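All values reported here derive from a predicted model rather than from experimental measurement. Counting starts at 1 for both ligands and their atoms, in listed order.
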Amino acid sequence: MGFMCVVLVLVFLDFTCGNPALNIIRYREDVDEWLNKVDNDLLEFNQICTKLTWDMMVYGADENAKTKTKAIAQARLAWKNKICDVHFNSELLTDEQKRKLYLLCRGPKFTEASAKVEMEVLSLMHMAYDLQVCFNSSAPTPLEKLRNPEQDNFGYPQPGECLMAEPDLEYLIKRQDFNPDQLAFLWYTFYDNIASSMREIFPRVVKSQNIVASANGYEDMGALWRDELEMPDIELQVEEFYREIRPLYEIFHSVIRHKLLIKYGREQIDPTGLIPIHLTGNMWGQNWGALIGLFFSSNKSLDLDKRLKEKNWSVSEMAEEAEDFYTSLGLPAMTDKFWKYSIFEERENSTMCHGTAANMFNDDDYRILLCAKVNMEDFYVIHHEMGHIEYNMAYAHQPAVYREGTNSAFHESIGDVIMHGVMVPQHLHRLNLLTDEELLSPDIDMFLLLHQALSKIPEIPFGLLVDEYRWNIFNGKIAEENYNKVYWKMNEELRGIKAPEVRSEEFFDAGAKFHVPDNTPYIRYFLSSILQMQIFKGLCDLSLFGKFQNDAGASMKAEEIKMPLHRCDIYGCKKCGKLLEQAMSLGVSVHWTQVLKMLTGQDYISTKPLLDYYLPVYEWLKKYVEVNDIPIGW
Ligand code: X8Z
Ligand code: ZN
């Protein structure tokens, strides 16, 4: 969600627009009037900033755009400093007024000088990531040596060819027909290029970030990021959540390692050790969906990517299908401007390719930017981004200060909730991605659950890793000279993953993940992985098809026996859409516990729905481990 992220940075930078300096406001009514004015300014800033950010993402950041951004940022920081300097007689403030003031004034505090440094270092990070790699055309390259005439090298980069790191190399590393050396070469090409430039920049980022965080009373930038989530003991809570999920991850890890051992042999895989990241089918080892073939031999398997392609859908037709799911719930369709301005595919001159949803804060102007292809992973990304847009639309009537998710983890979870509704046999059958026979086959549940598990379970420890790591850099627990060593040590401890070979301090490998150069907090995805299952369960309980029906036709009253969560078909459930809409429409006007209570009946985060959802996979993996005598853990 690069866009929201960049904008957030700018939102915190803020505009001028002369509000008369009211340094002490004594009356409630005056506070309301003042807040209304401030809100109008905020809306205007958001409109200007989002337009600038969108244009920079789409057309690149030329000098003109940079100058404009700088000017707006300066104006905005002056504005924010001014409004946050106003004093109130707090006994007179209503709870609503207090919440607005908290929301307006949280985040970093800039001076002209610190804003300048911050913008410089953030822009350097972006340049390090938005990278095109050109493969050497003269000297014999590792690429040449790796080219195997016996093998289908189709798609392997040719000497002289230039590719974007994300998404082109990211896409290639999924290929299961490349050999381990070829996969390692792709991985090194991505990481060596990005992580070496990031090594020099990141310490400057840390310094700059901590200055602007402590200027507003936070201990460091990690504390500032955590504040947005409004979970006071979040560091302990996320540890506890992962402790609950870890047995599922470990058994899953062990079975995948065993399958990789069969495929690649002991030369590549240590049967009791760590999984090499470049063999996970993903540049960051966060999504193992490309490994589904390890479980189902290709001729027998149900290749959903292939089926999607056979439908001859374009990417925008995939987006229409996603929209259809949302409208089936009674949620609004995408707007005309969405279809007019959104970018779905990689362009010749694309600079930014990470999936992004943009709220332009302007009537019905919402957009997404993707470099998608026709495959299931990008079908997911489309649903994910549309979830952001539905959230944006639901709170559009709120004052500008409330037009955010109740916290960022909720914003990340909506589209994923919907995607869980897509990945049930009934809906895939509705999309003609499953035949009648497959719908009724007893194996279909396990296939889809494994598909979901491969795509989503590795994201959980990765979500924790990216931010625990950065929190510990911001608070000084990780010293600069150990940045990379600690990163790989945490990879080992938290998720049993290693680099192809030991990495030196010449690199800052965490910087090869988009959200690090984009300066976007990442724990939201960890929390979303858990929350989305809770919310999906909340919706499932409301839907008719969340329950087994009584004797065919005898009564339309649903039995109280619940449908297993992984089979819950929420498509068309108007009650579900209504509840989602009500919850999302509150924006950040209320604390997230209230929103979660509406959606699930509980006001706390629980891993139970996630563990229940995967229970059949867990049982299946346990048996598999016993039968094959597979060691667990690393
Ligand atoms: O960044 C994203 C979205 C945009 S908010 C495409 N995601 C995370 C990632 O790619 O690392 C979605 C899942 C995790
Ligand atoms: Zn997102």
- [ ] Within a distance under 4.0 Å of any heavy atom of H388, pick out the atoms of ligand 1 and give their elements.
- [x] 5 (S)

- [ ] If you have a sec, read the angle at the Zn ion (ligand 2) from E412 atom OE1 over to H384 atom NE2, to 10 degrees.
- [x] 90°

Open item on the list: Minimum distance, heavy atoms only, to atom 9 (C) of ligand 1: which one of F514, Y522, Y525 is it?
Closed with: Y522

- [ ] Apply the side chain to side chain donor-acceptor pair (under 3.5 Å) test between N491 and each candidate in K489, R495, E493; give the one that qualifies.
- [x] R495

TODO: Can you label the angle between the W592 ring and the F410 ring as parallel, tilted or perpendicular, going by 30° and 60°?
DONE: tilted

Task: R403 side-chain N/O to Q398 backbone N/O, donor-acceptor pair under 3.5 Å - done: yes

Open item on the list: the Zn ion (ligand 2) and E385: any N/O/S contact shorter than 2.8 Å?
Closed with: no

Task: Element-labelled atoms of ligand 1 that are located less than 4.0 Å from some non-hydrogen atom of Y380 - done: 12 (C), 13 (C)

Open item on the list: Under 4.0 Å, counting heavy atoms only: does F526 come that close to any atom of ligand 1?
Closed with: no

Open item on the list: Could you check whether D365 pairs with K340 (Lys NZ or Arg NE/NH1/NH2 to Asp/Glu carboxylate O, under 4.0 Å)?
Closed with: no

Task: Where ligand 1 meets E412 - atom numbers and elements under 4.0 angstrom, heavy-atom basis - done: 5 (S)

- [ ] Compute the ring centroids of F338 and Y366, then answer whether they are less than 6.0 Å apart.
- [x] no

TODO: Return the orientation label for the Y571 and H427 ring planes: parallel under 30°, perpendicular over 60°, tilted otherwise.
DONE: tilted

Open item on the list: Could you tell me, atom by atom, which parts of ligand 1 come under 4.0 Å of a heavy atom of E385?
Closed with: 3 (C), 4 (C), 6 (C)

Task: Q286 neighbourhood, listing ligand 1 atoms whose heavy-atom distance to it stays under 4.0 Å - done: 9 (C), 11 (O)

Open item on the list: Distance under 4.0 Å to a non-hydrogen atom of K513: what atoms of ligand 1 satisfy this?
Closed with: 9 (C), 10 (O), 11 (O)

Open item on the list: Exactly one of W288, Y614, F295, Y618 should register a ring pair (Phe, Tyr, Trp, His ring centres under 6.0 Å) with F252. Which one does?
Closed with: W288

- [ ] Ignoring hydrogens and angles, tell me if any N or O in the side chain of H126 forms a donor-acceptor pair with the backbone of L122 under 3.5 Å.
- [x] no

Open item on the list: So for ligand 1, is H384 a polar contact partner (N or O within less than 3.5 Å, distance only)?
Closed with: no

